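Keep in mind it's a predicted model, so treat the numbers as computed, not measured. Counting convention: from 1, in listed order, for ligands and their atoms alike.
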Amino acid sequence: MRPRPDDIFVCAFPKSGTTWIQHIVHQLLAMGYVSPMIEGPDAASVEAMESPRILKSHLTYADIPKGGGAKYIYVCRNPKDCLTSFYHHHRTWEHYEFEHGDFDVFFDLFMDGRISFGDYFDHLNSWLESIEKQEENILFLKYEDMLVDLPSAVVQISNFLEGKAAEIVKDEKKLDKIIEASSLASMKMNQNRWFSNIYFQPIHRDKFIRKGGSRDWKNHFSLEQSERMDERFRQRLTASAAGGWWKKEMAWEGGQNENAGEPRMAML
Ligand code: PPS
C-alpha cells in the first residue's frame, strides 16, 4: 500500500490500547468507526478508502509502510499487563483455538515471541528507534499515562493531528464529550461497533474492552514469572528510552488492577 500525506496510522503491539486511540482519533476527526487493520484486508480495499484514512496496525516500525508525510501514533503498555490482556484475547477469539488455554502455556509462548506479531520487546524497541531519530511525524504514548490523565492525552493527540482535530478541542463542551465517550465505561457499551466488518468471529464480543487499568497481571503471574519478565525487561530495555518506565506498574509489591475503572480526570 502507498501511504498518503493525510493518512493516520494507529500502531501498537497487540493489547496496548490500540482501540482506545482509534476511538479518540475517530472522534477528533468526526469520522465513523472504520479504521481497518492494514494487515487484514487486501491492499486494493485499503487503496479504495477515501481520505483521510485512519489505519490500524500491529507492525513493527521497520515493517510499517512509511513516507508521503503520513502521521503515526504509537501506544505502548507495560509487558506484564500486555501479556495478561493478550492471554484473555486468545481465550476470547475463536481463530486462536485457545478458549480453554492455560496461562502458563501462554506465558511461555509470549516470552518466546511465538505469538501473533512476534516478540513484544523487538516490537517496542523498533518503535523506540523513532524517539532516538526524533521523528516528527510519530506521537509516542503510554497506555498508563492515559489512565492517569486522559484529557491531556486527548489534547496531545489533537495537537499532533492539527487542523480540524486541534480546533475541536478548543471547544470545552466538545472536548468533555470526547473524554466522556473515551472512558472505559463508555467504551464497554455497544462493543459490536468495533466489529462491523470483521472477518473473524470472537466467541464473546462483549469481552473485547475487558477490564482496563494496570496490574491485572498480579491476578495471573507467579513470582517466578514476574521475575522472569523483570529480567527480560532489564536485558532488552535498560539501555533504551523505556529503561525507567513502569517501575510501579510492574513491581511485585502492590495491589491488583490499580487504576481500573475510570481514569482520573486531571485538570487541563
Ligand atoms: S487489540 O486487540 O490489539 O486491538 O487490543 P487493544 O485495543 O490494543 O487493547 C485492548 C486493551 O485496552 C483496554 N482499553 C481500555 N482501557 C482503559 N480505558 C479505555 N477507554 C480502554 N479501551 C480499551 C481494553 O480493556 C484491553 O485491556 P484489558 O486489560 O484486556 O482490559
Check: Counting each atom of ligand 1 from 1 as listed, which ones have a heavy atom of Gly212 under 4.0 Å away?
Finding: 16 (N), 25 (O), 28 (P), 29 (O), 31 (O)
Checklist line | ligand 1 atoms in contact with Met187 (distance to a heavy atom under 4.0 Å) | finding: 20 (N), 22 (N)
Notebook entry, point to check: So, for His95 and His90, is the gap between ring centers shorter than 6.0 Å?
Noted result: no
Notebook entry, point to check: What residues, two or more places apart in sequence or in another chain, satisfy salt bridge (charged side-chain N to carboxylate O under 4.0 Å, His left out) together with Glu227?
Noted result: none
Checklist line | Aromatic ring proximity, centroids under 6.0 angstrom, Trp93 and Phe98 | finding: no
Item checked: Nearest non-hydrogen partners of Trp217 and Met250, listed with the distance -> CZ2-O, 3.4 Å
Check: Short list, please: which atoms of ligand 1 are under 4.0 Å from a heavy atom of His89?
Finding: 2 (O)
Checklist line | Contact check, Phe86 vs ligand 1, heavy-atom distance below 4.0 Å | finding: no
Next item on the list: Assess the pair Tyr96 and His89: is the distance between their ring centroids shorter than 6.0 Å?
Entry: yes
Margin query: Please compare Asp81, Thr18, Thr92, Val10 and report which has the shortest non-hydrogen distance to atom 6 (P) of ligand 1.
Written below: Thr18
Margin query: Taking the six-membered ring of Tyr143 as reference, does the cationic atom of Arg77 (NZ for Lys, CZ for Arg) lie under 6.0 Å from its centre and within 45° of its axis?
Written below: yes
Next item on the list: Output the list of atoms in ligand 1 that are nearer than 4.0 Å to some heavy atom of Pro14, sorted by atom number.
Entry: 3 (O)
Item checked: Contact (N/O only, under 3.5 Å) between Lys211 and ligand 1 -> yes
Next item on the list: May I ask whether Gly17 has any heavy atom positioned less than 4.0 angstrom from an atom of ligand 1?
Entry: yes
Notebook entry, point to check: Is it the side chain (CB and beyond), the backbone, both or neither of Ser183 that lies under 4.0 Å from ligand 1, heavy atoms counted?
Noted result: backbone
Notebook entry, point to check: Does ligand 1 have any atom that is closer than 4.0 Å to a heavy atom of Met37?
Noted result: no
Note to self: A cation-pi test, strictly: NZ or CZ of Lys66 under 6.0 Å from the centre of the six-membered ring of Tyr61 and no more than 45 degrees from its axis. Yes or no?
What the structure shows: yes
Check: Can you tell which part of Ala12 has a heavy atom less than 4.0 Å from ligand 1: side chain, backbone, both or neither?
Finding: neither
Checklist line | N/O separation below 3.5 Å, Ile209 to ligand 1 | finding: no
Next item on the list: List in chain and number order the residues that pass side chain to side chain donor-acceptor pair (under 3.5 Å) with Lys142, two or more places apart in sequence or in another chain; answer none if no residue qualifies.
Entry: none
Margin query: Is the contact between Ser16 and ligand 1 made by the side chain, the backbone, both, or neither, using heavy atoms and a 4.0 Å cut-off?
Written below: backbone
Notebook entry, point to check: Does His23 approach ligand 1 within less than 4.0 angstrom via side chain, backbone, both or neither, non-hydrogen atoms only?
Noted result: neither
Note to self: Tell me whether the count of non-hydrogen atoms from other residues, nucleotides or ligands lying under 6.0 Å of CD in Glu97 goes above 12.
What the structure shows: no
Notebook entry, point to check: Is it the case that more than 12 heavy atoms not belonging to Gln235 sit under 6.0 Å from its CD atom?
Noted result: yes
Notebook entry, point to check: His58 near ligand 1, heavy-atom distance under 4.0 Å?
Noted result: yes
Margin query: Looking only at the aromatic ring of each residue, does the gap between the centers of Tyr87 and Phe110 stay below 6.0 angstrom?
Written below: no
Next item on the list: Would you check the N or O atoms of Leu147, main chain and side chain alike, for any that come under 3.5 Å of an N or O of ligand 1?
Entry: no
Item checked: For atom 4 (O) of ligand 1, the option (of Lys56, Lys15, Lys188, His88) bearing the nearest heavy atom -> Lys56
Next item on the list: Identify, by atom number and element, the atoms of ligand 1 in contact range of Ser85, meaning under 4.0 Å from any of its heavy atoms.
Entry: 26 (C), 27 (O), 28 (P), 29 (O), 30 (O)
